[in-house]
Engineer: 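Sharing a structure with you now.
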Amino acid sequence: MTTVDPALDADAPVSALDEPRTIAPDTRYPDLSGPSAPSMETLLPAAEADLNPVLARSRLAPLPPSPTGGTEPAHAAAFLAACRPPVAITATPAPVRRGIPPHEMGVADLLAAFGEGSLTPSSVLAALRRRWADRERVGGAILAEIADTPDLAAAEADERWRTGTARPLEGIPVAVKDIIDVAGNPITSGSHTTGDRVAGADATVVARLKAAGAIPVLITATTEFACGAPNNARYGPVTNPWHRARWTGGSSTGSAAALAARLVPLALGTDTGGSIRIPSAFCNLTGIKPTYGLVPRTGVAALSWTLDHIGPIARSATDLRLVLPHLGGPDDADPVAAPPAVLDAMSAAASSTAPAGELCVGVAAGWFTEACDAGVLAAWESTVDVLRAAGVRVAELDFGDVARMNDDVMLVMTSELASTQEANLDRFELFDIGTQVRIARGFVPSAVDYLRSLRRRVLAQQAAVRAFDNAGVDLVLTPGVGATAARLSDVTVEVNGVRHPMQGVTGRNTGVFDYLGLPAVMAPAGFVDGLPVGVQIVGRPWADESCLRLAELIQSKTPHHRATPN
């Protein structure tokens with residue numbers, strides 16, 4: 001056992017800084033204080049790849065013909081062709097539930113109830129508001145209720161359902177993470193540095209939800225700038241509805257807690273190293289980190305511009321399949337947003353079907369199983385057995401040097417964070433300890449280190465596609481997070497009876513897919529000592545729909561996602 005100063009733990013609570021903790025060795029982030037081990041071990045070939053990791057994707061294959069007869073932008077269309085069309089799994093949507101309280105209903109349930117006239121959006125909003133008033137149930141998840149507009153929007157939704165003019169998500173309440181702009185509302189990124197900032201316009205993703213009929217109703221907590229400590233310096237921690245002494249996971253901490261506590265049926269989160277998927281695993285939710293570029297990030301505070309993703313979280317894959325199509329596509333503002341050709345291909349996949357027996361799912365061991373509690377591994381193996389019983393073929397897959405990719409994730413994230421927060425460095429003391437540590441780390445690597453990590457990303461993306469091809473698999477299933485929810489008292493997790501600093505375990509299986517830009521879904525997989533654990537489904541680029549369909553297949557065969565906290 002090794003004693004480590006908790007100031008080096010990015011998520012140590014401020015109150016813990018005076019007293020060292022005893023932890024297991026080799027669980028912290030890579031040491032970036034030297035010339036960087038992943039930097040010089042293997043020199044990269046000259047001009048091997050474009051330094052822009054998005055544009056460089058065009059080198060994966062010749063540009064395919066456009067459905068309209070021309071050609072589409074190389075940065076997305078060629079990448080799509082290289083990865084072949086997403087596999088189309090036969091959809092197995094969850095049956096609509098009736099006769100349950102409105103707060104237990106998901107998106108599909110509510111839409112069915114609105115269509116039948118058994119509920120109205122206004123009545124559901126009133127029922128949810130009664131739950132928002134219970135501070136113990138809220139547990140710090142809600143930062144603000146969106147004033148005035150929800151009631152007006154609900155009244156309009158009532159009328160649209162009455163007159164047969166309902167839009168696809170008409171009347172669905174949604175919570176929005178506090179780094180995503182909602183016009184006229186305080187959006188502070190969970191930081192003292194932002195003061196009393198009020199958003200001047202809706203983020204693209206919020207505007208699209210509104211256009212589809214959804215109703216933003218809550219601003220929910222985040223860690224500071226989506227990277228700070230669980231004990232947020234401005235608002236405090238968010239407690240996990242499954243165990244109030246545990247954390248919900250971050251950084252989409254309030255969005256996950258609001259869903260788990262049945263305060264809303266849908267929420268928006270962001271994911272740079274696992275910030276949608278980690279809280280989904282900890283809170284028994286289903287969340288998707290879409291393919292990089294699918295959902296525009298306009299109006300969302302940046303953490304790391306080459307790693308940031310925006311996505312929805314819900315309580316079932318069926319609900320996410322209803323929502324995701326309304327979020328994607330270019331907005332003429334985010335330079336890496338996917339072009340229409342990608343959306344057309346994804347839409348075609350969504351409308352096609354194939355039996356489970358035609359599907360091959362890869363299982364990636366090694367890195368993804370090495371820092372996992374036995375209970376988490378058992379849940380993953382049980383899920384693999386469920387797929388085999390459904391007729392799915394299973395094959396082993398090797399993603400290569402995942403450890404190096406994990407190092408590169410942290411190097412890129414902290415370097416870009418330091419850059420995005422340059423204007424606030426004269427107020428460094430206002431950041432919480434987690435943000436301070438990560439910003440400080442961002443100033444350690446050299447420019448060459450940073451650019452080499454970006455150049456390696458292109459090679460890693462190519463290798464990932466080859467790994468799918470070589471194994472003959474359509475999707476990959478990994479354990480989700482290697483442990484159950486972290487203790488708020490000391491920010492540790494337990495793996496096989498040994499307590500570790502949270503950050504050495506929680507992002508280990510998730511961050512590499514932010515680096516690769518691949519779509520990844522976290523889905524409930526069962527419980528360990530009464531706390532939720534998840535499995536992660538990863539697809540080829542733009543196979544978001546296929547990932548959700550596999551999660552839907554799993555949820556049609558297992559009851560885990562229906563469980564609720566006491």
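Just so we're clear, the structure is a prediction, and the values are computed from it rather than from any experiment.
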Engineer: Determine whether R197 and D181 satisfy the following criterion, side chain to side chain contact (heavy atoms under 4.5 Å, CB included), listing intermediate values before the conclusion.
Structural biologist: CA-CA 10 Å; R197 177 183 181 272; D181 281 356; 2.9 Å; yes
Engineer: Looking only at heavy atoms, which two atoms of P479 and V376 are closest? And how far apart?
Structural biologist: CB-CG1, 4.1 Å
Engineer: Donor-acceptor pair, S304 side chain versus D308 backbone, under 3.5 Å?
Structural biologist: no
Engineer: Using a 4.5 Å cut-off on heavy atoms from C-beta on, say whether the side chain of V493 contacts that of W247.
Structural biologist: no
Engineer: Looking only at the side chains, is there a donor atom on one of S382 and D385 sitting less than 3.5 Å from an acceptor on the other?
Structural biologist: no
Engineer: Any ion pair linking E104 and R97 (charged N to carboxylate O, less than 4.0 Å)?
Structural biologist: no
Engineer: Under 4.5 Å between any side-chain heavy atoms of R262 and P565, yes or no?
Structural biologist: yes
Engineer: Does the side chain of L169 come within less than 4.5 Å of H326's, by heavy atoms?
Structural biologist: yes
Engineer: Quick one: does D373's side chain have a donor or acceptor within less than 3.5 Å of a partner on N496's backbone?
Structural biologist: yes
Engineer: Using only atom types and a distance under 3.5 Å, with no angle test, would you say the side chain of R246 pairs donor to acceptor with the backbone of L488?
Structural biologist: no
Engineer: Taking all atoms of both residues into account, what is the closest heavy-atom pair of I187 and A199, and its distance?
Structural biologist: CG1-CB, 3.9 Å
Engineer: Would you give the length of the straight line joining atom CD of E494 to atom CE of M502, rounded to the nearest 0.5 angstrom?
Structural biologist: 15.5 Å
Engineer: Can you classify the ring geometry of Y292 versus H309 as parallel (below 30°), tilted (30 to 60°) or perpendicular (above 60°)?
Structural biologist: perpendicular
Engineer: Is it true that a side-chain atom of R208 and a backbone atom of G328 form a donor plus acceptor pair closer than 3.5 Å?
Structural biologist: yes
Engineer: Any donor-acceptor pair under 3.5 Å linking the side chain of R131 with the backbone of L263?
Structural biologist: no
Engineer: Mind checking whether I288 and P312 have side chains closer than 4.5 Å, heavy atoms only?
Structural biologist: yes
Engineer: Only one of I146, V174, L125 clears side-chain contact (heavy atoms from CB on, under 4.5 Å) with V217; which?
Structural biologist: L125
Engineer: Identify the two heavy atoms, one from L128 and one from P173, that lie closest to each other, and give their separation to 0.1 Å.
Structural biologist: CD1-CG, 3.8 Å
Engineer: Might you work through the salt bridge (Lys or Arg N to Asp or Glu O under 4.0 Å) test for R167 and E170, ending with a clear yes or no?
Structural biologist: CA-CA 5 Å; R167 295 164 291 184; E170 196 68 63; 2.8 Å; yes
Engineer: About how many Å separate CG of L303 and SG of C227, when rounded to the nearest 0.5 Å?
Structural biologist: 5.0 Å
Engineer: Check the side chains of N509 and T478 for a donor-acceptor pair under 3.5 angstrom, ignoring hydrogens and angles.
Structural biologist: no
Engineer: Please determine whether side chain to side chain contact (heavy atoms under 4.5 Å, CB included) holds for the pair I537 and V476, giving the CA-CA distance in whole Å, both sets of side-chain angles, and the decisive distance to 0.1 Å.
Structural biologist: CA-CA 6 Å; I537 301 163; V476 174; over 6 Å; no
Engineer: So, T291 side chain and W542 main chain: donor-acceptor pair closer than 3.5 Å or not?
Structural biologist: yes
Engineer: Of all the heavy-atom pairs spanning A221 and G140, show the shortest one and how long it is.
Structural biologist: CB-O, 3.7 Å
Engineer: Working to the nearest 0.5 Å, report the span between SG of C547 and CG of L320.
Structural biologist: 11.5 Å
Engineer: Are any of the side-chain nitrogens in D271 or K177 under 4.0 Å away from the carboxylate oxygens of its partner?
Structural biologist: no
Engineer: Under 3.5 Å, is there a donor-acceptor pair between the T193 and S191 side chains?
Structural biologist: yes
Engineer: Please tell me if the side chains of S546 and L475 come closer than 4.5 Å, counting only heavy atoms from C-beta onward.
Structural biologist: yes
Engineer: Sort out for me which residue in T220, N232, T188 forms a side-chain hydrogen bond (donor to acceptor under 3.5 Å, both in side chains) with D178.
Structural biologist: T188
Engineer: Report yes or no: does D432 contribute a side-chain atom to a donor-acceptor pair with the main-chain N or O of G228 at less than 3.5 Å?
Structural biologist: no
Engineer: Measure from the side-chain N and O atoms of Q555 to the backbone N and O of A317, and report whether any donor-acceptor pair falls under 3.5 Å.
Structural biologist: yes
Engineer: Can you say whether the rings of W242 and F527 are parallel (under 30°), tilted (30 to 60°) or perpendicular (over 60°)?
Structural biologist: tilted
Engineer: Side chain to side chain donor-acceptor pair (under 3.5 Å) between T120 and S122: does it pass, once the steps are laid out?
Structural biologist: CA-CA 5 Å; T120 65; S122 291; 5.0 Å; no
Engineer: Measure the SG-CE distance between C283 and M522 for me, rounded to the nearest 0.5 Å.
Structural biologist: 11.5 Å
Engineer: Testing the basics here: between A302 and T420, what is the closest heavy-atom pair and its distance to 0.1 Å?
Structural biologist: O-OG1, 4.0 Å
Engineer: Report yes if the side chains of I310 and L327 come closer than 4.5 Å at any heavy-atom pair, otherwise no.
Structural biologist: no
Engineer: Classify the side-chain pair T272/S275 by whether it contains a donor and acceptor separated by less than 3.5 Å.
Structural biologist: no
Engineer: Nearest heavy-atom pair of R315 and V264: which atoms, and what distance?
Structural biologist: NH1-O, 2.9 Å
Engineer: S118 side chain to F114 main-chain N or O, any donor-acceptor pair under 3.5 Å?
Structural biologist: no
Engineer: Any salt bridge between E145 and R129, counting N to O under 4.0 Å?
Structural biologist: yes
Engineer: Distance check, rounded to the nearest 0.5 Å: W132 atom CH2 versus H103 atom NE2?
Structural biologist: 14.0 Å
Engineer: Could E159 and R162 be called an ion pair, given the rule that one side-chain N must be under 4.0 Å from one carboxylate O?
Structural biologist: yes
Engineer: Side chains of D334 and T298: donor-acceptor distance under 3.5 Å anywhere?
Structural biologist: no
Engineer: Please evaluate residues V96 and L111 with respect to the criterion side chain to side chain contact (heavy atoms under 4.5 Å, CB included), reporting the C-alpha separation (whole Å), side-chain torsions for both, the decisive distance (0.1 Å), and the verdict.
Structural biologist: CA-CA 9 Å; V96 172; L111 291 174; over 6 Å; no
Engineer: Walk me through it: do V533 and W380 pass the test side chain to side chain contact (heavy atoms under 4.5 Å, CB included)?
Structural biologist: CA-CA 9 Å; V533 297; W380 170 61; over 6 Å; no
Engineer: Any carboxylate oxygen within less than 4.0 angstrom of a Lys/Arg side-chain nitrogen, looking at R234 and E224?
Structural biologist: no
Engineer: Any non-hydrogen side-chain atom of T286 less than 4.5 Å from a side-chain atom of T318?
Structural biologist: no
Engineer: Is the shortest side-chain heavy-atom distance between T484 and P532 below 4.5 Å?
Structural biologist: no
Engineer: Pair R499, D490 - check salt bridge (Lys or Arg N to Asp or Glu O under 4.0 Å), show working.
Structural biologist: CA-CA 10 Å; R499 290 166 74 167; D490 61 3; 2.3 Å; yes
Engineer: What's the separation between atom OG in S255 and atom CG in L285, rounded to the nearest 0.5 Å?
Structural biologist: 10.0 Å
Engineer: Okay, side chain of R508, backbone of C372: is any donor-acceptor separation there less than 3.5 Å?
Structural biologist: no
Engineer: If the test is side-chain contact (heavy atoms from CB on, under 4.5 Å), which one of V295, T270, L294, D514 qualifies with K289?
Structural biologist: D514
Engineer: Out of T248, T253, N240, L531, which one pairs with F282 under the side-chain contact (heavy atoms from CB on, under 4.5 Å) rule?
Structural biologist: N240
